Each structure stands twice: as C-alpha cells, then as structure tokens.
Amino acid sequence: MAESMKGLKRTHYCGDLRLADEGKEVVVGGWVQKQRDKGTLIFVDLRDRTGIVQLTFDDRSDPAVHEKAAGLHSEYVVIAKGTVLKREAPNPDIPTGDVEIFVTELRVLSEAQTPPFHISGDNKVNDEIRLKYRYLDLRRKTLQDNLRIRHEIAKSTREYFYENGFLEIETPMMMKSTPEGARDYLVPSRVHNGKFYALPQSPQIYKQLLMIAGYDRYIQLARCFRDEDLRADRQPEFTQIDMEMSFVDIDDVLEIGEGFVKKVFQDVLHVDVPTPLPRMTYQEAMERFGSDKPDTRFGMEITDVSDLVKDSEFGVFQNAVENGGSARAIVAKNAASALTRKNIDKLVEYVRGIGAKGLAFVRWADETPSCSFSKFMKEGELEAILERLGCEKGDVALFVADKNSVTLPVLGALRLTVAKQLDIIPEGYNFLWITEFPFFEWDEEQKTWVAMHHPFTMPMDECLEYMETDPGRVRAKAYDLVLNGTELSSGSIRITDPVLQQKMFEALGLSKKEIEAKFGFLVDAYQYGAPPHGGMGIGLDRLAMIMTGAESLRDVVAFPKVQNASELMSECPSTVDEQQLRELGIQLIQTEE
C-alpha cells in the first residue's frame, strides 16, 4: 500500500536549495532519479521539475527510514523531511551540488515499474517508444526545459501586447468552413444533421470582424488546425500568436512585431535583438537566395550569368536563356577539398530530385579548374564566368539553368544543403522581414493567375491599376518575418473597400453564390464601416523550437502527433461506436488502403 502525505507539506522544490538554506528543516517531494546503496550510507537523487537534490541516509537514520531508503528504485514517488547540510563532496554539475538533505522522515507515495527507457540523460531511444510513453519522456530534463521556455515565451508575449494596448479576445474553435489554403478538420453537428463545423486554420475572419466591431487592437494565443502533410516544423494543431490592429499600415504592424521579438528574446534568453530589423523584398530574396525565407547568416548568394552564356555552345545554358529562363550559380568558397567529385555527383542527384534537369559545376582543386562544360566554352568565356562569380582556386561553383521558377528555388535549396554539409552556418539569431510579395502567381496546370494569399490581402496602392490588366505586376501589402531561414510570421494589410474585395473574389474565380455561401457575413459586415487594419500570426511553436535549439516541433509540444497525424500514446484517431455515428447521421464507407 502506498503511504499518505498526511502531516507533511512540501516546503521547497528540489532544485531551489542552496548553501543559504543550510540548517533548515525542509520537506521535498519528487521522483527517485537514482539510488546508491553503500551499505550503511545511502544516497538518493530526488528530482522534480526544478532539478535534483541529494537525500542522505546513514547510521544515524531511524532504522525504519533507512530500510525504506534501501528499497527505493528509479521513478518511485516519495516525500522526504530532513535538514539541509553542506555536502562534504560537492557536485559542481548541478545547482544544488553544495548541499544535501539528511532525511528524518520518508514516505513512499507511489511505486513504479522499471520504465521502458532511462529517464535521465539523452539516451538514444527509438522515437516511437518515446512518443508511446510520452508521459515518461516528458520527465526528461531536456523536454522540461523546452516546455518551461515555451511557457516563458507565452508569458512575455502576453505582457508585451497587454503593455501596448492589445485586448486578449478568444474566437470560436468551431466555425464555418472557408477556403484558407489547407484542408479543414471538420466536426459533424448532431443538432444540424448533415452540416459541419470546421476547426479554425486561423482566426483570420474573426479578427477582421473584431476590427470592424471597433476593438482596435486584438491579441490571442490561438489554437489552429490544418489537415496537411507533416514535417519537422509542422503539426496538424499548433499555436499562433495572432494579432490585428486598426488604423495602421505596414510600418505600424512591423514596428509592433519588432518590439515583440526584442522583448521576448531579452526576457527569455537575455539576447538583445537590434532593431529595426532588416527588410528585403520578395523579388530580391528570390534573386539573391532562391527563397522567400532565406537564411542570411552566411553568403553563397546566387549570381546570374545568363548574359555571359546566352551565346555559348553549351545548349543547356543557351536554351534556358532563349526560352526566357536563366543560368545562375552559387560558389562554395574553399570547398574543393570537401566537395569531391563523388559528393558533387550526389548533389546532381539531389537537384534532379527537386525539379532540376541537372547540375553543372566548376571544381577548382588544382592549378586548372575542372569544369563539367569546358568543352563547350569558347576562349575567355569560362574565365569571364569565374570572374563574375568571384570563383578562385579552392572553390566550387554549381550551376543550374532552366526557367526561373526552377532555377531560383533549386539553387536556394542547394545553397542550404551545401552550407550544412560544409558546416558554415554560424550560430545566432538572424531576423529578416520579407515584403512586397507577388499578389498573384501563375498556375501552370490551370494556365491562369491565382491569388498567392488569402482573399482579404490588400494590393499595394501603386499596383491597383494593374489588377485586371497585368496581374504579374501586382504586389501585395503582405510581409513575412523570417528567423534563421524559417518562416516565423506571416501577415498583411487587409482589404476594407467592398468594391475592391468584390474584385478580389472575382479574380479568385468565385461566383456570387460561392461568395455569399463562404463569406456572406463578412461581406455584409464591410457595408457598415470598416477601419483600415492589418496584422499577422506568429508561430509560437516554431519560435519555441528555434529559441530552445530543438530539432523538431515535437520537442516543444507536450503531446505531439507523428507524420501520419496520429498520437502514439493515446492511439488517436480512433474508431467510434455505431450509436455515435447514427446520431450524427454518418455512414462510413470502406476505402482501399
């Protein structure tokens, strides 16, 4: 039988005790991390969320207490009363290493089976095992530290927005299904048979309605849901720091965002983020880095050599330029020894796997550069290319030629891959605003222009005249905040003119009937006076992942899903009984696996 706490009340957390507490009588509770029985002398490392403290038992201990201590095993839950003493052999590796507790009373509150993996340390354990026993995995110091930091981020977030006049307002978790770019998670209604709620992909429509309602500054740590393929920085349910402001334009929103970043990093990591943060247009980011979320902590920028090769005899380069594309390259400095021919061959296969037809190269390991296309070069052409690139002995230049929609993103991805292989990405936090996104993008399959953002994004003022005549020239009042090559935040100034909003819906190919069905209540709201407004959503999970140095969102989420959107611990999603389905008017159809 487990013992009771009755008569004992915890006075201190394990990790809080220091030399200043010497001589105090204390009561601590926690999990047994380790027990070391040296006969008469027994040491127990007791752990709670704050850290570890050593409990001591010796020949002065009450025999019954000593016997209990001898029977302790890993992960037993105990509460102990005793006196804080100075340790004869301090442990500099833990904050409580100068003290120990000589235990006078010990109660075993819960015994434990041998866990499927060691809780202490970061032992290499299969992820599936960790996630199946997530409640044990969460006892590990690494995850506890991560979730504590996440908590501190959330606390600092609320403080910052409260201080700046924002009201925290909750929006519905069950809402109307509207097109937002990903598949909705649907919730069937028992009362309204045959109809469905949707879990919010974001509170986008509601926060705009709050601006129309006159709340001026809104903030919410909002739970969002998207039924899409998962990866290391994506979960089907996530938390968004969602904000919206009235009577603002781009600079106002970005200024608030920068203040937030500065406060959170100072509060949580004691890191000063210099502001204002740098800005770069979408076009510049793509031209220089091949990505709309570039990691600019290192160079290796993309260089256009189209004008130098358009008349060359190398058909790959020539044809790309003639067909309206380009030939471009990146240079890995001092990489000739690391990027062997075998390594380059692997890079060729890599770029083919992400859409390129191939990869040309110059590897300058010896006095004369080795060039995969040298036989097609006329006298002086290769030298001119190398000069343009700043490619010197010891360097490797990598070339892709195709239409720009292939060349730029392929080189952007290759740039990151090579930088990781060469281990040249420095530590630190590199923030960057990306602005002036294209309003439309060309859909090659449908042979038409489609909106790049949600349908409420405002075009830039100077681009309004091109909405119908030249969609490719239209840029949006949209902006992303990028941190170390990860999109941290996305936002825009919203359309408030009903006439312009109608044009936007038409540009999306929505009929009047579809507009009314999907957005009728919002369209109606705009008829009653809407202030200029804009905002953004900041990914709390991604922010926590970067600030903790975690490799995956799983390490900053208490109970994460795996790649197929299931949770291994509770084994959800799961089947439900026929009665529940009948009440909802749902009949299951068997599909082939």
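Residue numbers count from 1 along this sequence. If you're wondering where the values come from, they're calculated on a predicted model, not measured in any experiment. Note: hydrogens, waters and symmetry copies are ignored here, and every other heavy atom, side chains too, is used.
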Worksheet item: Among Met175, Met174, Met173, which one satisfies side-chain contact (heavy atoms from CB on, under 4.5 Å) with Tyr197?
Response: Met174
Counting neighbours of [atom1] on [X] that are heavy atoms of other residues, nucleotides or ligands and sit closer than 6.0 Å, is the number greater than 12?
{"X": "Tyr215", "atom1": "OH", "result": "no"}
{"X": "Glu462", "atom1": "CD", "result": "yes"}
{"X": "Lys132", "atom1": "NZ", "result": "no"}
{"X": "Tyr133", "atom1": "OH", "result": "no"}
{"X": "Gln587", "atom1": "CD", "result": "no"}
{"X": "Glu163", "atom1": "CD", "result": "yes"}
{"X": "Glu170", "atom1": "CD", "result": "no"}
{"X": "Glu322", "atom1": "CD", "result": "yes"}

Strictly below 4.0 Å, N to O, side chains only: are [X] and [Y] in salt-bridge contact?
{"X": "Glu168", "Y": "Arg158", "value": "yes"}
{"X": "Glu487", "Y": "Lys293", "value": "no"}
{"X": "Asp461", "Y": "Lys477", "value": "yes"}
{"X": "Glu583", "Y": "Arg190", "value": "no"}

Which atom pair, heavy atoms only, marks the closest approach of [X] to [Y]?
{"X": "Ala478", "Y": "Thr457", "answer": "CB-CG2, 4.2 Å"}
{"X": "His533", "Y": "Ser246", "answer": "CB-CA, 3.9 Å"}
{"X": "Pro459", "Y": "Leu500", "answer": "CD-CD2, 4.0 Å"}
{"X": "Pro294", "Y": "Ile434", "answer": "CD-CD1, 3.9 Å"}
{"X": "Met245", "Y": "Val253", "answer": "SD-CA, 4.1 Å"}

Worksheet item: Should Thr435 and Met280 be marked as a side chain to side chain contact (heavy atoms under 4.5 Å, CB included) after you check the CA-CA gap, both sets of side-chain angles, and the distance that decides it?
Response: CA-CA 6 Å; Thr435 62; Met280 186 181 296; over 6 Å; no
Any donor-acceptor pair under 3.5 Å from [X] side chain to [Y] backbone:
{"X": "Arg352", "Y": "Gly358", "result": "no"}
{"X": "Tyr526", "Y": "Ile495", "result": "yes"}
{"X": "Asp184", "Y": "Leu186", "result": "no"}
{"X": "Thr171", "Y": "Pro203", "result": "no"}
{"X": "Asn146", "Y": "Asp555", "result": "yes"}
{"X": "Arg217", "Y": "Asn164", "result": "yes"}
{"X": "Glu514", "Y": "Ser511", "result": "yes"}
{"X": "Arg226", "Y": "Pro236", "result": "no"}
{"X": "Asp252", "Y": "Asp249", "result": "yes"}
{"X": "Gln144", "Y": "Leu138", "result": "yes"}

Spatial distance of atom [atom1] ([X]) from atom [atom2] ([Y]) [nearest 0.5 Å]:
{"X": "Glu255", "Y": "Thr275", "atom1": "CD", "atom2": "OG1", "result": "9.0 Å"}
{"X": "Met286", "Y": "Thr281", "atom1": "CE", "atom2": "OG1", "result": "11.0 Å"}
{"X": "Phe166", "Y": "Tyr160", "atom1": "CZ", "atom2": "OH", "result": "7.0 Å"}
{"X": "Thr296", "Y": "Asn430", "atom1": "OG1", "atom2": "CG", "result": "3.5 Å"}
{"X": "Asn484", "Y": "Ile425", "atom1": "CG", "atom2": "CD1", "result": "9.0 Å"}
{"X": "Ile149", "Y": "Lys155", "atom1": "CD1", "atom2": "NZ", "result": "14.5 Å"}

Item to complete: Dump the intermediate steps for ring pair (Phe, Tyr, Trp, His ring centres under 6.0 Å) on Phe161 and Phe260, then the final yes or no.
Response: CA-CA 8 Å; Phe161 284 105; Phe260 161 74; 5.6 Å; yes
Donor on one side chain, acceptor on other, [X] and [Y], under 3.5 Å:
{"X": "Glu571", "Y": "Ser566", "answer": "no"}
{"X": "Arg328", "Y": "Thr303", "answer": "no"}
{"X": "Arg494", "Y": "Ser492", "answer": "yes"}
{"X": "Ser570", "Y": "Glu567", "answer": "yes"}
{"X": "Ser326", "Y": "Asp304", "answer": "no"}
{"X": "Thr417", "Y": "Tyr350", "answer": "yes"}
{"X": "Gln208", "Y": "Tyr206", "answer": "no"}
{"X": "Asn126", "Y": "Glu128", "answer": "no"}

Item to complete: Just say parallel, tilted or perpendicular for the rings of Trp433 and Tyr479, cut-offs at 30° and 60°.
Response: perpendicular
Fill in: Mutual orientation of the aromatic rings belonging to Phe437 and Tyr282 [parallel < 30°, tilted 30-60°, perpendicular > 60°]
tilted
Item to complete: Decide if the gap between the ring center of Phe559 and the ring center of Tyr135 is smaller than 6.0 angstrom.
Response: no
Item to complete: Test Asp541 against every option in Lys561, Arg234, Arg150, Arg554 by the salt bridge (charged side-chain N to carboxylate O under 4.0 Å, His left out) rule and name the one that passes.
Response: Arg150
Discussion item. So if I apply the salt bridge (charged side-chain N to carboxylate O under 4.0 Å, His left out) rule between Asp137 and each of Lys141, Arg139, Arg134, which one comes out positive?
Written reply: Arg134
Item to complete: Please report the C-alpha distance between Arg415 and Glu301 in whole Å, then the side-chain angles of each, then the deciding distance to 0.1 Å, and finally whether the salt bridge (charged side-chain N to carboxylate O under 4.0 Å, His left out) criterion is met.
Response: CA-CA 8 Å; Arg415 172 180 176 266; Glu301 295 188 22; over 6 Å; no
Item to complete: May I have the step-by-step check of ring pair (Phe, Tyr, Trp, His ring centres under 6.0 Å) for Phe519 and Phe456, ending in yes or no?
Response: CA-CA 11 Å; Phe519 305 110; Phe456 316 110; 5.4 Å; yes
